[in-house]
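See below for the structure under consideration.
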2 protein chains.
Amino acid sequence: MKRINTTHFAILGLLRMQPMSAYELVKFSKESIGLFWNESYGHIHKSIKQLEQEGSVTVIEESETGRRKIVYGVTEQGCQQLDSWLMQAPEESTMRNELLMKIFVADERHIPQLLTYIEQELATCHQLRPLLTGIKASIPQDQGKQAQLWLLTLDYGERYLRMTIEWCEHALQLLNQPDRGEKNG
Amino acid sequence: MKRINTTHFAILGLLRMQPMSAYELVKFSKESIGLFWNESYGHIHKSIKQLEQEGSVTVIEESETGRRKIVYGVTEQGCQQLDSWLMQAPEESTMRNELLMKIFVADERHIPQLLTYIEQELATCHQLRPLLTGIKASIPQDQGKQAQLWLLTLDYGERYLRMTIEWCEHALQLLNQPDRGEKNG
DNA sequence: CCGTTAATGTATCTTTAAGATATATAATTG
DNA sequence: CAATTATATATCTTAAAGATACATTAACGG
């Protein structure tokens with residue numbers, strides 16, 4: 001089974017929504033789909049060059065004056081590639097959650113540290129929530145199918161944050177209580 | 001900022017819980033922490049060799065007869081490395097959820113396919129749930145702090161599955177309803 | 001009982017992905 | 001107007017994924 005460069009299709013997908021520069025691509029993906037999709041600039045940059053060479057994206061606009069900026073768009077061929085990727089069942093999602101990994105391999109000695117990590121995580125989630133609300137407000141509530149798809153991914157983000165917040169609160173409560181729980185009859 | 005090989009510490013952490021072979025490491029990590037931590041055999045293998053060379057893990061048992069098997073354990077030095085890693089705040093978690101990515105870049109034409117993907121995801125979650133219950137039952141409910149930490153990661157897994165199941169059901173309901181929702185005044 | 005398949009196990013190779021860093025220009029701000 | 005921050009491309013190294021090869025043992029069906 002040949003492995004595929006998933007970043008290629010992420011790029012095609014985002015550029016089809018809106019032509020952008022590499023820098024804007026990274027920024028946009030961080031802000032819109034960052035909760036469930038991570039990309040690095042190095043990989044995006046390399047991938048764009050490859051996509052350009054094979055004719056799947058093309059330079060739409062290149063500013064010669066002032067600050068350099070190269071805006072890319074998707075070609076007909078790129079559109080077809082993207083559509084055929086969308087017709088294939090998605091791979092299983094992958095995740096690397098270092099906080100949970102640390103909790104898993106830690107022991108009693110590390111609990112004070114773990115508590116600060118969990119509090120930090122909780123704070124981060126609370127900060128992210130209003131951002132999602134803002135994005136939600138910017139999507140046209142016109143009941144169109146396209147908007148529904150975007151709202152679905154946003155809804156996932158909201159559920160994900162809510163779930164994480166609840167788990168953090170549960171964890172703080174559990175780890176803060178005295179050892180062996182002082183069961184009272 | 002020097003980047004670190006997180007896999008190194010994952011290996012040290014798992015081997016400290018229980019000496020294992022590389023094969024068993026991959027299997028164990030898939031079965032116990034697979035929901036929030038992904039590892040590949042290739043990387044584990046390479047990392048173990050490096051850890052062995054720098055003296056952080058050591059061969060505990062090597063079967064000469066029959067099927068080859070090399071069981072590794074953590075050295076004193078490895079323990080110290082692991083502990084100092086645990087004292088550092090965790091990096092932000094990363095995720096690549098291809099299903100959500102596809103939903104994000106898809107349009108109306110792809111909805112029938114998306115529905116099958118979501119149904120598949122739902123089925124997978126329903127299959128995983130009893131597995132978690134089984135693991136939970138195998139953890140001693142002795143109120144000890146160590147068991148609490150394991151239960152916390154399991155609890156995260158359960159919440160994650162529940163959240164995903166609910167989102168899938170919501171998505172199926174939303175995408176199955178007729179276009180524009182036939183608003184009735 | 002034997003052939004096929006599935007599971008256990010190590011080793012290696014290539015490609016994908018992450019992310020640090022260098023460099024340069026424009027905008028912002030004290 | 002100097003210092004900082006945001007925008008922007010390019011490159012390099014390392015981490016991580018995962019495909020594949022190879023060998024042994026267990027399990028299973030005809």
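Residue numbering restarts at 1 for every chain, and letters A, B, ... go by the order of the sequence lines. Because only heavy atoms are used, hydrogens play no part in the values below, and waters and symmetry mates are left out as well, while side chains stay in.
- Judged as a side chain to side chain donor-acceptor pair (under 3.5 Å), and not counting sequence neighbours, B:Gln146 has no contacts.
- With sequence neighbours left out, the side chain to side chain contact (heavy atoms under 4.5 Å, CB included) criterion links B:Gln113 to A:Met87, B:Thr116, B:Tyr117.
- The separation between A:Met20 atom CE and D:dT7 atom C1' is 15 Å, rounded to whole Å.
- OP1 or OP2 of C:dA17 lies within a sub-4.0 Å distance of a side-chain N or O belonging to A:Asn5.
- Taking A:Gln80 as the reference, A:Glu76 meet the side chain to side chain donor-acceptor pair (under 3.5 Å) condition, with sequence neighbours excluded.
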Please table the atom pairs, donor to acceptor, closer than 3.5 Å between any side-chain atom in residues 121-128 of chain B and protein atoms at least two apart or in another chain.
unit_1	atom_1	unit_2	atom_2	d
B:Thr124	OG1	B:Gln120	O	2.9
B:Thr124	OG1	B:Gln120	NE2	3.3

Quick one, give me the B/S/- string for nucleotides 7-14 of chain C, reading 5' to 3', where B means a protein heavy atom under 4.0 Å from the base and S means that only happens at the primed atoms, P, OP1 or OP2.
-> BBBBBB-B
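- Taking a 4.0 Å limit (strictly below) on heavy-atom distances, residues 6-17 of chain A reaches DNA chain C at A:Thr6, A:Thr7.
- A search for salt bridge (charged side-chain N to carboxylate O under 4.0 Å, His left out) contacts involving B:Lys69 returns B:Glu24, not counting sequence neighbours.
- For DNA chain C, the residues of residues 83-101 of chain B within the heavy-atom distance limit of 4.0 Å (strictly under) are B:Arg96, sorted by number.
- In this structure, B:Ile48 places its CD1 atom 15 Å from C1' of D:dA16, rounding to the nearest Å.
- A search for side chain to side chain donor-acceptor pair (under 3.5 Å) contacts involving A:Gln77 returns A:Ser56, not counting sequence neighbours.
- Partners of A:Lys49 by side chain to side chain donor-acceptor pair (under 3.5 Å), not counting sequence neighbours: none found.
- B:Asp155 places no side-chain N or O within 3.5 Å of a backbone atom of B:Leu151 that could act as its donor or acceptor partner.
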Distance-only check: which donor-acceptor pairs under 3.5 Å involve side-chain atoms of residues 96-106 of chain B, not counting sequence neighbours?
unit_1	atom_1	unit_2	atom_2	d
B:Arg96	NE	A:Asn38	O	3.1
B:Arg96	NH2	A:Thr7	OG1	3.2
B:Arg96	NH2	A:Asn38	O	3.2
B:Arg96	NH2	A:Glu39	OE1	3.0
B:Arg96	NH2	A:Glu39	OE2	2.9
B:Asn97	OD1	B:Leu99	N	3.1
B:Asn97	OD1	B:Leu100	N	3.1
B:Glu98	OE2	A:Glu91	N	3.4
B:Glu98	OE2	B:Lys102	NZ	3.4
B:Lys102	NZ	A:Trp85	O	3.1
B:Lys102	NZ	A:Gln88	O	2.5

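- Residues passing the salt bridge (charged side-chain N to carboxylate O under 4.0 Å, His left out) test with B:Arg109, sequence neighbours excluded: A:Asp83, B:Asp107.
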